Amino acid sequence: MKSQEIRNQFLEFFKSKKHDIVSSAPMVIKDDPTLMFTNAGMNQFKEFFLGNSIPKNNRVTDTQKCLRVSGKHNDLEEVGMDTYHHTMFEMLGNWSFGDYFKKEAIHWAWELLTEVYGVDKDILYVSVFEGAKDENLEMDKEAYDLWKAIVPEDRIIMGNKKDNFWEMGDQGPCGPCSEIHVDLRSEEEKTKKSGKDLVNQDHPLVVEIWNLVFMQFNRKANGSLEKLPAQHVDTGMGFERLCMVLQGVKSNYDTDVFTPLIREIETITNSTYNKNSLPTNPDGKVSVAIRVIADHVRAVSFSIADGQLPSNTGAGYVIRRILRRAIRYGFTFLDTKEPFIYKLVETLTKQMSIAFPELKAQKAIITNVIKEEEQSFLRTLDQGLVLLENIIKNTQGNTVSGEKAFELYDTFGFPIDLTALILGEQGYELDEKGFEIQLQKQKDRSRAASQVSAGDWKVLKEGSSEGFVGYDHLTADVKIMQYRKVDSKKDGELYQLVFDKTPFYPEGGGQVGDKGYLEVPNGDVVYIIDTKKENNLIIHFTKNLPKQINETLKAVVDLKQRSRSASNHTATHLMHQALRTILGTHVEQKGSMVHSGSLRFDFSHFAKVSPEELKEIEDFVNARIQEQLPLEEQRNISYNQAVAEGAIALFGEKYGDTVRAIRFGESMELCGGTHVRNTGDIWHFKIISESAIAAGIRRIEAITYDAAKEYFTVQSEAYNNVKAVLKNVNDPVKAITSLQEENTHLKKQIEALLKDKAKNLKGELKSEFQEINGINFLAKKVDLDAAGIKDLSFEIGGEIDNVFIVFGAEQNEKALLSCYISKNLVEAKKINAGQVVRELGKYIQGGGGGQPFFATAGGKNPKGIEEALENAKQYLK
């Protein structure tokens, strides 16, 4: 059975059980501050489990693309080493939100596996929560009895809290679970040891394939449990593991989910995959590398398709780390010194774009971004090899400092396992303990900086919130429905408030959250410093809790900031239209950031935007502003209808059945942000910069409204100042051009004079050399610039043998030192000009470097020049 058929059968089975088939949410999460990536199928349904939203259908099913490489669920280092861990994987799931519970979930799971898929009942084991005395939790007898009616009791395993009690996080919904495990070992192996004894023991052929979670409790901040008002079912089955079972193979990587990628890697790298080789065997390293690359290219490709580019921070750093792990495995074990992983995107797209069409739509971007990242990291590896050689040269004994290795890892991104491998090949050892100490210090610093502790929500008013009313109102009389206290290392003590309705726009869609204040009946004012959305709750951040928390309060949005943000947000829509009109319809939005002061817009385009094109884009947007186009808003239009009418939907965004469509003239997009009522309110649009942020991804930064007015005011003042300096000439450009030409002419005259001066000085200096231990030595302060000193040094070095020259000079109240050493002395005497100027640079409060035969140093203490020259002789002893 092909993987595509396996996926479809799962969805159709639960459709027959009255479940709605829903699309996979993006793997990269943009509207949940508690998560970077979707790491479980339930993530997109958290708001239903928490009771913050009511689902349209209480039964849904899906296949969810997941990523587990950070935080509690981190499988990265196991990936490739075994045959069943992955970074990106599909999670097949069926869900009940307060509808059916354990009986249906268990019976349907067994029916699908054994009757529809035809899995042999004799290779299956199930587990049940055994209870936990420390939490006063009893054994899940209901689940046990349900399983006992289906399977022999000797196939039911009692599982502890670690394995059979699932929790969303430190707080929130949780409950006991039943896992279904499969034993794929040979009959001979099964006679030696029961599969029951190998469940949850990390055996590669006795693995969990399905987890049925029964959400019954809510975990409070103090660790206690309370019963949920409604009971939910949350199941997750590993698609890749299911394919392994149904395709009769012993490894996820032997299924048709991975074999096309593996064959392509073999072809490109001229390597051979041995599925039976252990990682410790010589050819096992090759097979591990191939598994790593096959897995990682999936994770990286899906992330880029969802709009997350590799970068140095946050989710982007995680994606870059995954890709670099794949690159270094190829570099080390497949001997690939040129980019090749990007070539696998074609195979992946053919294989998976039916289920996930975003891969086909974003193929060009994915391919180019991966290729550029490969080129960049391979350069880093080359640089790292040189740096590592220097570390080895300066190592006394045969153990390389863990601190030095960490510096190479942390500063230059050089993989520590590659460092250890190279050291071992050259007869050195790595101080692994020292490295781990430095790594732990870094983790502790990072954890301390981001540490947040939240109390339980204190509910003041039951019922559901009316939500956001800020499209129509910037003030509202509100009541606090619930609040909690939050402590963070970064922001200190804050309060999070949820109102029955709110005019405050929560951060989302690239737009920052509103700020403003609460008017309290006693005359106090409580400032709202930010607004965010979490699990469908609009949360308002304050430094203080209103004293009259049960009274009606007046919520007031900062009008000035909202107007600026709305102006910038509308400008991004007009610019998107301009880009697609002027550059081509291949342009797609890849990210945006809308502040009150400026806007940033990232888009797909494979060339630098020329100054002429930027002018066209500016003119296009400003023409739409001059047309004073009114806002046309459809708040509850169906997604399909909006797209049919021409609305642009963004890849990587999660849209519901109904959406909000925003139109200004011919520009129409799906957007939840705030906008001006008329494009004339924007006043003017001005591009500030255009740059590349990744292969095929450009960024434009721009300003509108007040910021544009201020920009032109500053530019006008600067223009008037320039005219004043030029004695108010009629044509400042012509006057400046004339000055530049005159300056160029004078520079050439000065250079000629300095060369003559250096020639005359050379004759004088040749008589001042003194011989020390067979070396012609000169240390002298001269009145030349850096270029003149270099020319003089090389000319003298070409006429006198065995020279060691140190020159000092003072330029613009700064100190300059240079050192020239004949190349034969560098080799014979092991003297290094770079080391000389670094050490002498201490006297001028500076530093520098260069080549072994010529180097320079700059400093801020000209008074130290003489002392530096006096100490130059010590290098000849």
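Since the model is a prediction, treat every value here as computed from it, not as a measurement. The residues of the chain are indexed from 1 along the displayed sequence.
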First locate atom CG of L497, then atom CH2 of W457, and finally report the distance between them rounded to the nearest 0.5 Å.
8.0 Å

So does D202 get a backbone contact from the side chain of Y84, meaning a donor-acceptor N/O pair under 3.5 Å?
yes

Which of parallel (below 30°), tilted (30 to 60°) and perpendicular (above 60°) describes F258 and H86?
parallel

Under 4.0 Å between a side-chain nitrogen and a carboxylate oxygen: does that hold for E179 and R241?
no

Applying salt bridge (Lys or Arg N to Asp or Glu O under 4.0 Å), can you list everything that pairs with D163, at least two apart in sequence or on another chain?
none

Would a distance-only check, ignoring hydrogens and angles, find a side-chain to backbone donor-acceptor pair under 3.5 Å from D306 to S303?
no

Who are the salt bridge (Lys or Arg N to Asp or Glu O under 4.0 Å) partners of D514, not counting sequence neighbours?
R562

Taking only residues two or more places apart in sequence or in another chain, which ones pass side chain to side chain contact (heavy atoms under 4.5 Å, CB included) with I54?
none

Are D254 and T83 packed together at the side-chain level, in the sense that at least one heavy-atom pair is separated by less than 4.5 angstrom?
no

Does I693, at its CD1 atom, have more than 12 non-hydrogen atoms belonging to other residues, nucleotides or ligands within less than 6.0 Å?
yes

Please check if the side chain of S604 supplies one atom and the backbone of H586 the other of a donor-acceptor pair under 3.5 Å.
yes

Might you work through the side chain to side chain contact (heavy atoms under 4.5 Å, CB included) test for D657 and Y639, ending with a clear yes or no?
CA-CA 6 Å; D657 296 329; Y639 174 85; over 6 Å; no

Any chance the side chains of E90 and T63 put a donor and an acceptor closer than 3.5 Å?
yes

List the atom of G236, the atom of W210, and the distance in Å for their closest heavy-atom pair.
O-CD1, 3.2 Å

Can you tell me how far apart CG (D62) and CG (L11) are? Round to the nearest 0.5 Å.
7.5 Å

Please walk me through it: do K17 and E111 pass salt bridge (Lys or Arg N to Asp or Glu O under 4.0 Å)?
CA-CA 12 Å; K17 305 295 185 186; E111 179 187 348; 3.3 Å; yes

Full working for side chain to side chain contact (heavy atoms under 4.5 Å, CB included) between V257 and S3
CA-CA 7 Å; V257 177; S3 57; 3.9 Å; yes

E372 (side chain) donor-acceptor with A695 (main chain) under 3.5 angstrom
yes

Distance-only check: which donor-acceptor pairs under 3.5 Å involve side-chain atoms of residues 20-27, not counting sequence neighbours?
unit_1	atom_1	unit_2	atom_2	d
D20	OD1	N57	ND2	3.2
D20	OD2	N57	ND2	3.2
S24	OG	Q64	NE2	3.2
S24	OG	K65	N	3.2

So, for A294 and L261, which heavy atoms are closest and what is the spacing to 0.1 Å?
O-CD1, 3.6 Å

Have E240 and T255 got a donor and an acceptor in their side chains that come within less than 3.5 Å?
no

Does the pair R320 and F377 meet the rule for a side chain to side chain contact (heavy atoms under 4.5 Å, CB included), with working shown?
CA-CA 10 Å; R320 176 166 283 167; F377 189 51; over 6 Å; no

Tell me every residue that passes salt bridge (Lys or Arg N to Asp or Glu O under 4.0 Å) with E588, counting only those two or more places apart in sequence or in another chain.
K590

H573 side, atom NE2; S592 side, atom OG - distance, nearest 0.5 Å:
8.0 Å

For the residue pair F129 and K161, establish whether any side-chain heavy-atom pair is separated by less than 4.5 Å.
yes

With a 4.5 Å limit on heavy-atom distance, are the side chains of F165 and D140 in contact?
no

Nearest heavy-atom approach of F214 to A143 is CE1-CB, 4.3 Å

Check for a donor-acceptor pair, side chain of H181 on one end and backbone N or O of V126 on the other, with a separation under 3.5 Å.
no

Closest non-hydrogen atom pair between G672 and Y505, with its separation:
O-CE1, 3.1 Å

Of all heavy-atom pairs linking N368 and A364, the shortest is ND2-O, 2.7 Å

Please check this pair: side chain of N164 against backbone of C177, looking for a donor-acceptor N/O pair closer than 3.5 Å.
yes

Looking at every heavy atom in both I304 and V369, which two are closest together, and how far apart are they?
CD1-CG1, 3.7 Å

Between OG on residue S301 and CD1 on residue I370, distance to nearest 0.5 Å
4.0 Å

Please check this pair: side chain of S178 against backbone of S127, looking for a donor-acceptor N/O pair closer than 3.5 Å.
yes

Value rounded to 0.5 Å, distance of OG in S376 from CZ in R324:
5.5 Å

For the residue pair Q171 and D456, establish whether any side-chain heavy-atom pair is separated by less than 4.5 Å.
yes

Compare all side-chain heavy atoms of S311 with those of L309 and state whether any distance is below 4.5 angstrom.
no

Geometric class of the F48/F45 ring pair [parallel <30°, tilted 30-60°, perpendicular >60°]:
parallel

Is the shortest side-chain heavy-atom distance between T38 and Q44 below 4.5 Å?
no

Identified side chain to side chain contact (heavy atoms under 4.5 Å, CB included) partner of F13 from the options N94, N8, V116
V116

Report yes if the side chains of V486 and F541 come closer than 4.5 Å at any heavy-atom pair, otherwise no.
no

Quick one: pull up CD1 in I6 and CE in M244 and give me the separation to the nearest 0.5 Å.
11.5 Å

Is it true that the side chains of H576 and E669 contain a donor and an acceptor less than 3.5 Å apart?
yes

Polar side-chain atom of E374 near backbone of I341 as donor-acceptor pair, under 3.5 Å
yes

So, D295 side chain and R291 main chain: donor-acceptor pair closer than 3.5 Å or not?
no

Give me the ring orientation class for F356 and F302: parallel if the planes are under 30° apart, tilted from 30 to 60°, perpendicular past 60°.
perpendicular

Using the test side chain to side chain donor-acceptor pair (under 3.5 Å), find all partners of N636 that sit at least two apart in sequence or belong to another chain.
none

Positive for side chain to side chain contact (heavy atoms under 4.5 Å, CB included) with C671, one of L650, I662, V659
I662

Counting N and O atoms only, with roles assigned by atom type, does the side chain of Q216 sit under 3.5 Å from a partner on the main chain of P176, one being a donor and the other an acceptor?
no

Taking side chain as C-beta onward, heavy atoms only, is Y253 less than 4.5 Å from I290?
no

With side chain to side chain contact (heavy atoms under 4.5 Å, CB included) as the test, would you mind laying out the steps for T531 and I538 before giving the verdict?
CA-CA 7 Å; T531 312; I538 298 176; 3.7 Å; yes

Between H19 and Y100, how do the two ring planes meet: parallel, tilted or perpendicular, split at 30° and 60°?
tilted

